[in-house]
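Contents: one structure, followed by commentary.
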Amino acid sequence: MKKLIYPVFLALLFPLGLIAQTSPELIAQKDYTAAVAWQQHSGEYRALSFQAYNFARLSLDQHLKEAVAGKVNCVVVDIDETLLDNSPFSAMQVQKGVAWNPKDWSAWTALAAADTVPGALGFLKYAASKQVETFYVSNRTTQDQQATLKNLQRLGFPYADEEHLMLSAGSSDKEARRQKVLEQHNILLLCGDNLSDFSNVFYREGKNTREEVDAAKAEFGTRFIVLPNPMYGDWEKILYKGSKLDETEKSRQRVEGLKGF
Ligand SMILES: [Mg+2]
């Protein structure tokens, strides 16, 4: 009897739209509710972010003692989930059951409404007080340039100007932009939520990312300051087999790839 009652109950609710938010089709689009909730509500997310930037400050002091004279010192930082918290955008995706798309993303960035990742602003202001410049190396596109500057400036980030904002001009590879910064500056450290924000070694073709991380373990917290981002990143790519997969297929492959017992 119990088995019958549940479908009947759902059938009664469905025309009212009361279960639209939790239908299986919507969940299949993006099943990362826990990741977004963790970023928005947990103290642990904030604590880890503060921890990252506390390490950044200690490391900066150390690097300043060793910095090579003759070039201006700087730090290179990513923007999304490193300085700016875009979890409201991800929350919208979960609630509306939509996959990432450039139109929705631009609608969000155009608001210039993202809040700071905890600790980020304090660290970059501290760096500025030590005459250390900030270069913002982000894979936002040039279309988002003005809104991005507006968001950073509204929050009071130092060096938030066109000269220091290096966006993607078609390629997500940040190495060329890092090399450009190195022409005139010492890069004392880098901050990011994605391993590609630090170096291209981590997602090398044919290499194992986890082994590459192990090989670079001394760099984390010293030269590479890593911020938590449970919602998205290059780490997702290594989960999937095939190209042009829809969200339902990605969801299926994520579950299939889990290591159970
Ligand atoms: Mg990022």
Side-chain angles (χ1 to χ4, degrees), residues 30 32 35-36 38-40 45-46 48-53 55-56 74-94 99-102 104-106 108-121 123-124 127 134-145 147-152 155 157 159-160 164-178 181 187 189-203 209 212-213 216 219-221 223-239:
K30 270 291 175 187
Y32 63 176
V36 181
W38 185 80
Q39 181 153 321
Q40 294 195 331
Y45 167 73
R46 297 187 67 76
L48 280 168
S49 300
F50 284 128
Q51 179 173 279
Y53 282 114
F55 265 110
C74 77
V75 293
V76 165
V77 297
D78 169 56
I79 292 179
D80 295 314
E81 273 40 77
T82 297
L83 309 179
L84 298 182
D85 172 4
N86 296 290
S87 61
F89 175 76
S90 298
M92 178 283 292
Q93 285 183 283
V94 173
W100 190 94
N101 65 80
D104 284 345
W105 174 248
S106 288
W108 160 247
T109 58
L111 296 175
D115 201 354
T116 54
V117 167
L121 184 59
F123 169 64
L124 292 181
T134 297
F135 280 91
Y136 300 88
V137 178
S138 165
N139 283 339
R140 288 189 176 198
T141 62
T142 47
Q143 184 191 326
D144 292 331
Q145 186 192 48
T148 301
L149 282 176
K150 188 178 166 192
N151 203 151
L152 293 172
L155 294 164
F157 278 98
Y159 300 99
H164 290 82
L165 179 63
M166 304 174 85
L167 300 178
S168 168
S171 170
S172 61
D173 184 345
K174 294 184 171 180
E175 188 56 32
R177 283 170 276 168
R178 286 191 286 264
V181 173
I187 299 178
L189 55 84
L190 303 96
C191 304
D193 64 294
N194 200 340
L195 292 169
S196 304
D197 296 329
F198 309 118
S199 163
N200 284 3
V201 302
F202 299 108
Y203 289 103
T209 297
E212 296 288 334
V213 168
E219 306 283 0
F220 298 107
R223 277 246 312 146
F224 302 157
I225 307 298
V226 191
L227 278 302
N229 174 7
M231 301 186 300
Y232 63 89
D234 282 346
W235 60 270
E236 288 179 283
K237 292 177 191 167
I238 54 182
L239 302 178

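Just follow the structure's listing: the first ligand is 1, and inside any ligand the first atom is 1. This structure is a prediction, so every number in the text was calculated from the model and none was measured.
Counting only distances under 2.8 Å, and ignoring water, the protein N, O or S atoms around the Mg ion (ligand 1) are Asp78 OD2, Asp80 O, Asp193 OD1.
With hydrogens and angles disregarded, a donor-acceptor distance shorter than 3.5 Å links the side chain of Thr209 to the backbone of Phe202. For the pair Gln39 (side chain) and Asn229 (backbone), a donor-acceptor distance under 3.5 Å is absent.
Using a 4.5 Å heavy-atom cutoff, the side chains of Tyr136 and Phe157 are in contact.
Using a 3.5 Å distance cut-off with no hydrogens or angles, the side chains of Ser138 and Asp78 do not pair a donor with an acceptor. If you check the side chains of Asn139 and Ser172, you find no donor sitting under 3.5 Å from an acceptor. For Tyr32 and Gln93, the side-chain atoms include at least one donor-acceptor pair closer than 3.5 Å.
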